[in-house]
*Asks:* 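To start, I am sharing the structure in question, which I have written as structure tokens.
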Amino acid sequence: MSLPLDLSPELVDEYQALEATDSLQKLEELRVSLLGKEGKLTLRVKDIAKVAPEQRKSEGQKRNQEKLLFETLLQAKKATLEKRALDARLQEEKIDLTLPIRHQSKGKIHPLTQTFDEIVEIFSQWGFVLAEGPQIESDDFNFTKLNIPPNHPARQMQDTFYMPTSEDGQERVLRTHTSPVQVRTMLTQKPPIRIIVPGRVFRNDSDATHSPQFHQLEALVIDEIGKVTMAHLKGTLLNFFRIFFGIDDLPLRFRPSFFPFTEPSAEIDIGCRKNKGELTLGNYGDWLELGGCGMVNPLVLENCGLDSTRYQGFAFGMGYDRMAMIKYGIPDIRGFFESDVRWLSHYGFSPLDIPSLAKGSIR
Ligand code: FA5
């Protein structure tokens, strides 16, 4: 750009400064100093009244034209500098197709989430509805309504974490099992009831097969007397285990037991072989305990407002961390809760991998 011949001498410095500007920031500073509220060109136009009246017209025109000239030059310079900056960036960010691919770590589904999904998949096909309850539970729902009164020795079966009493004076615990959701359901729904409750529970317990937090799968089925029997309980469990573990002749054994909330009660065992620390499921004569079950105690039905002369039903509860450990060969329960990404990348699942469905074993 060469100097316009008729440019007022007092603007020559600014003109040259504009020419020399090589950054957008400096250009903006120059713009403000010229065209801002107190800018030189703004004031020159404003101060036209101070010029002698006979020169005012021509001087006014000149000052306006010069202001316009600088506005145009500033805009043009801005466009040039912006284009230059963009070109430099494009040059810098040019994609190099010869570079090797950068490693991208993919997330994995936690084996407990996978197991949860498989359980829900199976039971939902049989018409069970998913139910939930709070992890901080009232002593009343966790124990008393389930026929485990205060100071009853049965409370010692479950090593409980006690919580501070709530503001309304309610004794509270970290739920030791998912069975309080039975109570919550019966208090709010009329039979027929058919629910499963997979959820986290807590006990003061820790070794390779016991963890202070673990997961239980609870089920409750209630209907009119005669419609839900112990045979249905056994059939449901047998079919569930066979589908879940993918073993068609997996045997199931009921071992007489005691739970205050079921009568009669049984421990649930499935067939296996234990050989030098290695566990294989199947019809081999050994047994592995997975949980407890029974027919809902009529006292529990009454505690929850159901007429025990009209309704009966079954319930079961088992640890599904153990089921996941067995199915997926995970040796130590504590790994589930340690949030170690290396562990997860080894034992985790790809989001699209649902083995029970992929094998077509849902019937
Ligand atoms: C119960 O918790 C009963 N509520 C089950 C039940 C429900 C019986 C409905 C009848 C009707 P139990 O305390 O045995 O029962 O626990 C059930 C299962 O939870 C155990 O068999 C075991 O698989 C699992 N379990 C118990 N404690 C732990 C622990 N600390 N870590 C991991 N799994 C555990």
Side-chain angles (χ1 to χ4, degrees), residues 111-112 115 119 128 131 133 137 141-148 153-161 173-186 193-222 228 230 232-234 236-237 240-241 244 252-270 272 279 287-301 304 312-327 330-337:
L112 283 176
T115 306
I119 290 170
F128 282 75
E137 184 55 279
F141 286 6
N142 195 80
F143 293 123
T144 314
K145 287 227 165 25
L146 288 168
N147 194 32
I148 317 176
R155 288 206 175 195
Q156 284 164 9
M157 289 164 81
Q158 301 175 353
D159 253 326
T160 311
F161 290 113
V173 297
L174 286 183
R175 65 177 181 190
T176 55
H177 51 177
T178 37
S179 302
V181 185
Q182 288 189 30
V183 176
R184 289 179 173 274
T185 308
M186 286 189 275
I193 292 170
R194 202 187 284 188
I195 55 159
I196 51 162
V197 189
R200 184 170 299 175
V201 301
F202 307 85
R203 291 185 200 176
N204 192 0
D205 226 354
S206 183
D207 60 36
T209 53
H210 293 84
S211 156
Q213 56 168 322
F214 60 101
H215 295 80
Q216 284 191 340
L217 167 66
E218 186 90 11
L220 174 73
V221 177
I222 306 277
V228 188
M230 200 125 181
H232 295 115
L233 168 60
K234 201 164 184 182
T236 304
L237 283 166
F240 168 67
F241 286 128
F244 179 80
L252 173 81
R253 180 176 80 170
F254 274 6
R255 196 160 26 88
S257 185
F258 171 75
F259 295 101
F261 31 94
T262 45
E263 183 59 37
S265 304
E267 300 282 353
I268 309 160
D269 296 343
I270 54 171
C272 71
L279 183 81
W287 297 99
L288 178 78
E289 182 201 313
L290 281 183
C293 67
M295 298 304 290
V296 179
N297 190 324
L299 289 172
V300 175
L301 294 176
C304 300
Q312 76 178 144
F314 69 70
F316 61 78
M318 50 208 183
Y320 70 81
D321 317 70
R322 289 205 186 147
M323 286 164 38
M325 286 166 77
I326 297 163
K327 182 165 179 178
I330 299 168
D332 192 321
I333 193 169
R334 289 166 292 200
F336 284 129
F337 309 110

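Starting from 1, each residue takes its place in the sequence as its number. Treat the numbers as computed from the prediction; the structure is a model and nothing was measured. In listed order, ligands and their atoms are each counted from 1. Any value given below was found using the heavy atoms of this structure, including those in side chains, with hydrogens, waters and symmetry copies removed.
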*Asks:* Is the shortest distance from a heavy atom of Ile333 to ligand 1 less than 4.0 Å?
*Replies:*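 It does; at least one heavy atom falls under 4.0 Å.
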*Asks:* Geometry only, no angles: is Ser211 polar-contacting ligand 1 at N/O separations under 3.5 Å?
*Replies:*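 By distance alone, the answer is yes.
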*Asks:* If you look only at pairs with a residue in residues 199-211, which of them pass as a salt bridge (Lys or Arg N to Asp or Glu O under 4.0 Å), with sequence neighbours excluded?
*Replies:*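 Output for this query is empty, none listed.
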*Asks:* Do side-chain atoms of Lys145 reach the backbone of Val300 as a donor and acceptor pair under 3.5 angstrom?
*Replies:*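 Side chain of Lys145 to backbone of Val300: no pair is present.
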*Asks:* I want to check something: taking the side chain as every heavy atom from C-beta on, are Phe128 and Val221 in contact at a cut-off of under 4.5 Å?
*Replies:*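 Answer yes - side chains close enough.
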*Asks:* Give a yes or no on whether a salt bridge exists between Glu137 and Arg184, defined as a side-chain N under 4.0 angstrom from a carboxylate O.
*Replies:*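 A salt bridge links Glu137 with Arg184.
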*Asks:* Between Leu290 and ligand 1, which part of the residue brings a heavy atom under 4.0 Å of the ligand: side chain, backbone, both or neither?
*Replies:*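 Backbone only.
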*Asks:* Side chain or backbone of Glu267 under 4.0 Å from ligand 1, or both, or neither, by non-hydrogen atoms?
*Replies:*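 It is neither; nothing of Glu267 touches ligand 1.
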*Asks:* Among protein heavy atoms, which lies nearest atom 7 (C) of ligand 1, and at what distance?
*Replies:*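 That would be Gly317 N, 3.3 Å.
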*Asks:* Once you restrict to heavy atoms under 4.0 Å, what part of Arg203 touches ligand 1? Side chain, backbone, both or neither.
*Replies:*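 The side chain, only.
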*Asks:* Can you confirm, on distance only, whether ligand 1 has an N/O atom lying under 3.5 Å from any N/O atom belonging to Gln216?
*Replies:*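 Yes, since at least one N or O of Gln216 sits under 3.5 Å from an N or O of ligand 1.
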*Asks:* Looking at Gly319, which atoms of ligand 1 are within less than 4.0 Å of one of its heavy atoms?
*Replies:*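 This gives 18 (C), 19 (O), 23 (O), 24 (C) as the contact atoms.
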*Asks:* Taking 4.0 Å as the limit for heavy-atom contacts, which would you say applies to Cys293 with ligand 1: side chain only, backbone only, both, or neither?
*Replies:*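 Within the 4.0 Å criterion, Cys293 contacts ligand 1 through backbone atoms alone.
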*Asks:* Please confirm whether His210 comes within less than 3.5 Å of ligand 1 when only nitrogen or oxygen atoms on both sides are compared.
*Replies:*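 So ligand 1 has no N or O lying under 3.5 Å from an N or O of His210.
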*Asks:* Would you indicate which of Arg322, Met323, Met318, Arg175 comes nearest to atom 22 (C) of ligand 1 when only heavy atoms are counted?
*Replies:*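 Comparing heavy atoms across Arg322, Met323, Met318, Arg175, the nearest one to atom 22 (C) of ligand 1 lies in Arg322.
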*Asks:* Measure the acute angle between the ring planes of Phe337 and His215, then classify it against the limits of 30° and 60° as parallel, tilted or perpendicular.
*Replies:*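 Phe337 vs His215 ring planes: parallel.
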*Asks:* Looking only at non-hydrogen atoms, which of Phe214, Phe202, Phe261 approaches atom 27 (N) of ligand 1 most closely?
*Replies:*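 Nearest heavy atom to atom 27 (N) of ligand 1 lies in Phe214.
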*Asks:* With a 4.5 Å cut-off on side-chain heavy atoms, are Thr160 and Leu174 touching?
*Replies:*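 Counting from C-beta outward, Leu174 and Thr160 never come under 4.5 Å.
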*Asks:* N/O of Gln182 under 3.5 Å from N/O of ligand 1, yes or no?
*Replies:*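 No, there is no polar N/O contact under 3.5 Å.
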*Asks:* Is the distance from the ring center of Phe261 to that of His177 below 6.0 Å?
*Replies:*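 Yes, the ring of Phe261 comes within the 6.0 Å limit of the ring of His177, centre to centre.
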*Asks:* With a 4.0 Å cut-off, would you call Arg255 and Glu289 a salt bridge?
*Replies:*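 Salt bridge flag = yes for Glu289 with Arg255.
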*Asks:* Polar contacts were defined as any N/O atom of the residue lying under 3.5 Å from an N/O atom of the ligand; does this apply to Asp321 and ligand 1?
*Replies:*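 Asp321 vs ligand 1: no N/O contact under 3.5 Å.
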*Asks:* Side chains of Leu301 and Met186, heavy atoms from C-beta outward: is any pair under 4.5 Å?
*Replies:*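 With C-beta onward as the side chain, the pair touches.
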*Asks:* For atom 9 (C) of ligand 1, what is the closest protein heavy atom, and at what distance to 0.1 Å?
*Replies:*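 Scanning the protein heavy atoms, the shortest distance from atom 9 (C) of ligand 1 goes to Glu218 OE2, 3.4 Å.
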*Asks:* How does Phe316 reach ligand 1, by side chain, by backbone, by both or by neither, if only non-hydrogen atoms under 4.0 Å count?
*Replies:*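 The answer is the backbone.
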*Asks:* For ligand 1, which atoms have a heavy atom of Gly291 less than 4.0 angstrom away?
*Replies:*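 Within the 4.0 Å cut-off of Gly291, ligand 1 contributes 21 (O).
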*Asks:* Indicate the atoms forming the closest heavy-atom contact of Pro180 with Phe141, along with that distance.
*Replies:*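 Scanning both residues completely, I find the closest heavy atoms to be CB-O, 3.5 Å.
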